[in-house]
Amino acid sequence: MSKEKIVLLDGNSLAYRAFFALPLLTNDTGIHTNAIYGFTMMLQNILKEEKPTHILVAWDAGKTTFRHSTFSEYKGGRQKTPPELSEQFPYLRKLLDAFQIPQYELDQYEADDIIGTLSKTGDAEGMEVIVISGDKDLTQLASDNTTVCITRKGITDLEKYTPAHVMDKYGLSPLQIIDMKGLMGDPSDNIPGVPGVGEKTAIKLLKEYGSVEKVYESLDKVSGKKLKENLTENEEKAFMSKRLATIEVNAPITISIKNLDYPGPDEENVKALYEELQFKTLLEKMAPQTESEPIKEINVHIVTDPDTIELADEMALHVEMIDENYLASEISGIGMTDGETIIFIPFEVVIKSDKLKKWFQDEQKRKFATDSKASYASLLRHGIEVNGFEFDLLLATYIANPSSSYTDVASVAKEFNYFDIQSDEVVYGKGAKKALPGEETLADHAGRKAQAVWKLKPILEDKLRDNEQFELYRELEMPLAKILGKVETTGVKTDLGILRQIGIDLSARLLELESIIYEMAGQKFNINSPKQLGEILFEKIGLTPIKKTKTGYSTAADVLEKLESEHEIIGFILTYRQLGKLNSTYIEGLTKEIHEDGKIHTRFQQALTQTGRLSSINPNLQNIPIRLEEGRKIRAAFVPSEPGWLMFAADYSQIELRVLAHMSQDEKMIAAFQEGEDIHTKTAMDVFGVDKDGVSSDMRRTAKAVNFGIVYGISDYGLSQSLNITRKEAGKFIDTYLETFPGVKQYMEDIVADAKMKGYVVTMMNRRRYLPDITSSNFNLRSFAERTAMNTPIQGTAADIIKKAMIDMDARLKEEGLQTRMLLQVHDELIFEAPEDEIEKLKEIVPEVMEFALTLDVPLKVEWAYGLSWYETK
DNA sequence: GTCCTCACG
DNA sequence: ACGTACGTGAGGACT
């Protein structure tokens, strides 16, 4: 029999943690549910990860504990538990009952003490003990059999403290954690400690002397006058603090560990509770497609002869496909409705009907789609053109809130309390079991989607109008969808021969590097495995680890670069990594994506990023190498699809900083762009107070990094990392920068304040991003939201601008009667292919259209280049 | 499936 | 004191 394993959870601590990590959620009856939800997520994760045989949740009992008799102010000055959290505790108890997890509390004792006592008992009985809490104090319980897991950030991320990990982190044994607390105190529990002693000093003292007692025995040996004085004067406090921080391991508990076995959840009760709390996603996970909600019967007419049906001037439609990749998938058919009757037209019927094709093409016949780009591109592949899209459910949902995740029509419909529809997973199955169902089922499914679109259209349009986002949605995103559909269908011609040749060269060099690395390491190993590589570098060779990850040593490039001078193997590993990446991701990866027409057809996700940018998948053509020459050569494989044509690329220069200049209205920054100066040099001049000739390359590099940092929502730490300087130095640069550009400083402060008040930020075209964490009491979450508040309007406005430019460009090409085709968008650049004799025209119109897409208080600047391949456009 | 690493803007 | 730069997608290792 395998070893018994008991998990001990600190109920109060985890509930607090969950409460503050998540935004306030409520169900229909107005009860707050965020802590319950977070707690449930944690619990499920723990049950899945640890698979315990025994389990207990310990709660703090009442107001006073035995610690208060030692120190009446223990835990004094604590904020009252927010009522939004208090009301959730009864539900947590119910939840645990439903899971059949024992709970326990003991008068005069805290949860810590119950856990401490049981962990000791469990340990003694040879059980594996896992303690879970949000309170680092509990790390004192770590032992060979007891692992203490402390929540890190978010709600499911746990840091595991074994004695070895405690030693690693603090250089102390678990029991010495108590001494550390005794010396440094703990403001959150109102434990005083010794004034002037923080974590650093406490650890130093304990490393030298071992314990609080030993420190005081050797008081005269302690260095530092002030420190000695503080210790002497506060001896009593130190010892009392140590007592307060000590977890009781002999609490008079009245339960036996043997009775804490875990039988697993009572599914019925859990389900009922989830329903009461309206935990939709958790409910879905529970009952995977076995039973779905009772769905109203609908009547879908399967069309065999299109001539017998009447098509209205306004219809909702959905092109039904099994595969999400609409550029490759077979089409089953089209579900349609005019609000009264619902029909399904099998695709073989569609393709033969001129009547249908004519209706689709007719701009005057208004179409409401689930995903207009997918409908447009999938039908265009078969020579059917669709015009007159009037509504797009995917885009409407995304514009209303970019964080809404759109997996299928059912998932979105549910958000708007529309349930008369099934999820794709239910209809098709998932994983290996995914298969095409019969026509009746498909017709019903597609018909319901069309019906959902019909019903949801007014709701979403109202919402967009209320938010003043209708124009963004209707005049920017919808027209763009069609253009993107065309771009995706066009695809980029890819020269397989060039890819192969680069691949052959790379493989040969990788083989060479591999044998050199093995020789230097003295053994063979998998260089691609961070784990194995870490062992070789930091254990076998004995290099000093600089950074660690959750699971071991970090071997990331920035870490290895710092070690480059320590051992010659590092350089070879870095090269191996770099070339390996090129070979696997780009040579092998792209080769697999070339279609029969010799082209790569990426798909642009238009409803995914939180900022309004596009993303590119299957494959990603927005991250083709350019920074290093080795990788840049891959771009030579992207060529025009017609003989005699050329590639033409145009990119915005410094678009994000220009947007910042405009939005912040900072006079100096606006002037810099109006004068047409190199912005980084100009920044360096202003920040360092030198003239143009006084700007060294190092000063420009620093200014550039600070400019980047500003756009990202700066932090001294982030800047210090990117410049490899200390935090203090980085902080100084930032201060000087913000003094130099007071408008920028004001903007950053205003945008954060505004986000706190409204709960969201907007771009120039009114794109929104909600930032619930901006009022979080959790420092990390809040800081992240603040940086996002600073960055999103900038990145998002830049995205708005290039989207507008794409629409204008498409119109302009038509207007000028050019054959030039748009091929790609890479955030701030557009790539075209064009007949040679149109190049002169493009040189003129592309910059013009892009630069005037939107008028700012600073000029936009576009640079262009053309050549025989994408590589040549530099 | 998740983590780490690394490619791009 | 906290542990971070903003936004993405993909491949390989490992569980």
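Each chain gets a letter, A, B and so on, in the order the sequences are listed, and its residues count up from 1.
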- Residues from residues 607-617 of chain A lying under 4.0 Å of DNA chain C - heavy atoms: A:Leu608, A:Thr609, A:Gln610, A:Thr611, A:Arg613, A:Ser615, A:Ser616, A:Ile617

- Task: Send over the distance from A:Lys200 NZ to C:dA1 P, rounded to a whole Å.
- Result: 9 Å

- Message: Under 4.0 Å, counting only non-hydrogen atoms across every strand here, what does A:Gly713 touch: a base, just sugar-phosphate, or nothing?
- Response: nothing

- Indicate, with a heavy-atom threshold strictly under 4.0 Å, whether A:Gln605 touches base, sugar-phosphate, or nothing. sugar-phosphate

- Message: Working note: A:Asn401 + A:Arg768, criterion side chain to side chain donor-acceptor pair (under 3.5 Å); need CA distance, chi angles, decisive distance, verdict.
- Response: CA-CA 7 Å; A:Asn401 185 356; A:Arg768 273 190 195 191; over 6 Å; no

- Task: State, without any angle test, whether A:Ser13 and A:Asp135 hold a side-chain donor-acceptor pair at a distance under 3.5 Å.
- Result: no

- Query: Using Watson-Crick and G-U wobble pairs whose two distances are both under 3.5 Å, how do you write the pairing of DNA chain C as dot-bracket, with | for links to another strand?
  - Reply: .....|||||||||.

- Task: Determine the contact category for A:Ala799: base if any of its heavy atoms lies under 4.0 Å from a base atom, sugar-phosphate if only primed atoms, P, OP1 or OP2 are that close, otherwise nothing.
- Result: nothing

- With A:Lys804, which residues qualify under salt bridge (charged side-chain N to carboxylate O under 4.0 Å, His left out), at least two apart? A:Asp808

- Query: Using a cut-off of 4.0 Å on non-hydrogen atoms, how would the nucleic acid contact of A:Asp651 be classed: base, sugar-phosphate, or nothing?
  - Reply: nothing

- Message: When you measure only distances, ignoring hydrogens and angles, does the side chain of A:Arg769 come within 3.5 Å of the base of C:dG7 through a donor and an acceptor?
- Response: no

- Task: Taking salt bridge (charged side-chain N to carboxylate O under 4.0 Å, His left out) as the test, write out the residues that go with A:Lys633, two or more places apart.
- Result: A:Glu629

- Item | Value in whole Å for how far the P atom of C:dC14 lies from CG of A:Leu533 | 11 Å

- Here the distance between atom P of B:dC3 and atom NZ of A:Lys160, to the nearest Å, is 12 Å

- Select from A:Asn623 and A:Glu199 the residue whose nearest nucleotide in DNA chain C is closer to the 5' end of that strand. A:Glu199

- Message: As a test of reading the structure: which of C:dC14, B:dC8, C:dG11 is closest to the side chain of A:Ser584, going by heavy atoms?
- Response: C:dG11

- Message: Under 4.0 Å, counting only non-hydrogen atoms across every strand here, what does A:Thr551 touch: a base, just sugar-phosphate, or nothing?
- Response: sugar-phosphate

Less than 3.5 Å apart, which donor and acceptor atoms pair up between the side chains of residues 604-611 of chain A and the rest of the protein, not counting sequence neighbours?
residue  : atom : partner  : partner atom : Å
A:Gln606 : NE2  : A:Glu477 : O            : 2.9
A:Gln606 : NE2  : A:Glu477 : OE1          : 2.8
A:Thr609 : OG1  : A:Gly612 : N            : 3.1
A:Thr609 : OG1  : A:Arg613 : N            : 2.9
A:Thr609 : OG1  : A:Arg613 : O            : 2.7
A:Gln610 : NE2  : A:Pro402 : O            : 3.1
A:Gln610 : NE2  : A:Leu608 : O            : 3.3
A:Thr611 : OG1  : A:Gln795 : OE1          : 2.8

- Reference residue A:Gln825; test side-chain contact (heavy atoms from CB on, under 4.5 Å); the match among A:Leu484, A:Leu480, A:Ile802, A:Leu621: A:Ile802

- Electrostatic pair A:Glu488:A:Lys373 at N-O distance under 4.0 angstrom: yes

- Query: Taking the side chain from A:Thr139 and the backbone from A:Lys136, do they hold a donor-acceptor pair closer than 3.5 Å?
  - Reply: yes

- Query: In whole Å, what is the span from the CD atom of A:Gln532 to the P atom of C:dA13?
  - Reply: 9 Å

- N-O pairing of A:Lys204 and A:Glu199 below 4.0 Å: no

- Spacing of A:Leu621 atom CG relative to B:dG9 atom C1', expressed in whole Å: 14 Å

- Checking only heavy atoms, does the side chain of A:Thr585 share a donor-acceptor pair with the base of C:dA10 at less than 3.5 Å? no

- Message: According to salt bridge (Lys or Arg N to Asp or Glu O under 4.0 Å), does anything in residues 787-801 of chain A pair up with another residue at least two apart or in another chain? List the pairs.
- Response: A:Arg767-A:Asp800

- Task: Round to a whole Å and report the spacing from CG of A:Asp558 to C1' of C:dT4.
- Result: 14 Å

For residues 553-560 of chain A, please give each side-chain donor-acceptor pair under 3.5 Å, one per line with the distance, not counting sequence neighbours.
residue  : atom : partner  : partner atom : Å
A:Tyr553 : OH   : A:Glu539 : OE2          : 2.8
A:Ser554 : OG   : A:Ala556 : N            : 3.3
A:Thr555 : OG1  : A:Arg577 : NH2          : 2.7

- Message: Any side-chain to backbone donor/acceptor pair from A:Tyr518 onto A:Phe525? Under 3.5 Å, distance only.
- Response: yes

- Query: Hey, can you pull the residues of residues 782-798 of chain A with a non-hydrogen atom under 4.0 angstrom from DNA chain C?
  - Reply: A:Phe784, A:Arg787, A:Thr788, A:Asn791, A:Gln795

- Distance, P atom - from B:dC6 to C:dC2, rounded to whole angstrom: 27 Å

- Message: Nearest to the side chain of A:Ser715, heavy atoms from C-beta on, is which of C:dT4, B:dT5, B:dC8?
- Response: C:dT4

- Message: If you define the side chain from C-beta out and look only at heavy atoms, does anything of A:His680 sit under 4.5 Å from A:Leu657?
- Response: yes

- Query: To the nearest Å, how far apart are A:Lys704 NZ and C:dC6 P?
  - Reply: 19 Å

- Task: Can you tell me, in whole Å, how much space there is between the P of B:dT5 and that of C:dA5?
- Result: 13 Å

- Message: Applying a 4.0 Å non-hydrogen cut-off, can you work out what A:Val711 is touching in the nucleic acid: base, sugar-phosphate, or nothing?
- Response: nothing

- Message: Over all strands shown, is A:Arg603 touching base, sugar-phosphate only, or nothing at heavy-atom distances under 4.0 angstrom?
- Response: nothing

- Item | Candidate nucleotides C:dG12, B:dA7, C:dT4, ranked by approach to the side chain of A:Tyr586 - the nearest | B:dA7

- Go through the structure and list residues passing side-chain contact (heavy atoms from CB on, under 4.5 Å) with A:Glu872, not counting sequence neighbours. A:Leu868, A:Ser869

- Go through residues 573-582 of chain A and report each residue with a non-hydrogen atom lying under 4.0 Å from DNA chain C, sorted by number. A:Lys581

- Starting at the 5' end of DNA chain C, which residue's closest nucleotide do you reach first, A:Glu159 or A:Tyr712? A:Glu159

- Please list all pairs passing the salt bridge (Lys or Arg N to Asp or Glu O under 4.0 Å) test where one or both residues lie in residues 723-732 of chain A, with sequence neighbours left out. A:Asp716-A:Arg727

- Task: With heavy atoms under 4.0 Å as the rule, sort A:Ala705 into base, sugar-phosphate or nothing.
- Result: base

- Query: Which pairs pass salt bridge (Lys or Arg N to Asp or Glu O under 4.0 Å) with one or both residues in residues 586-595 of chain A, sequence neighbours excluded?
  - Reply: none

- Query: Within this structure, what is the CD1-to-P distance between A:Ile624 and B:dA7, rounded to whole angstrom?
  - Reply: 12 Å

- Item | Nearest to side-chain heavy atoms of A:Phe779, which nucleotide of C:dC2, B:dA7, C:dG11 | C:dC2

- Which listed nucleotide (B:dT5, C:dC2, C:dC14) is nearest to the side chain of A:Ser529? C:dC14

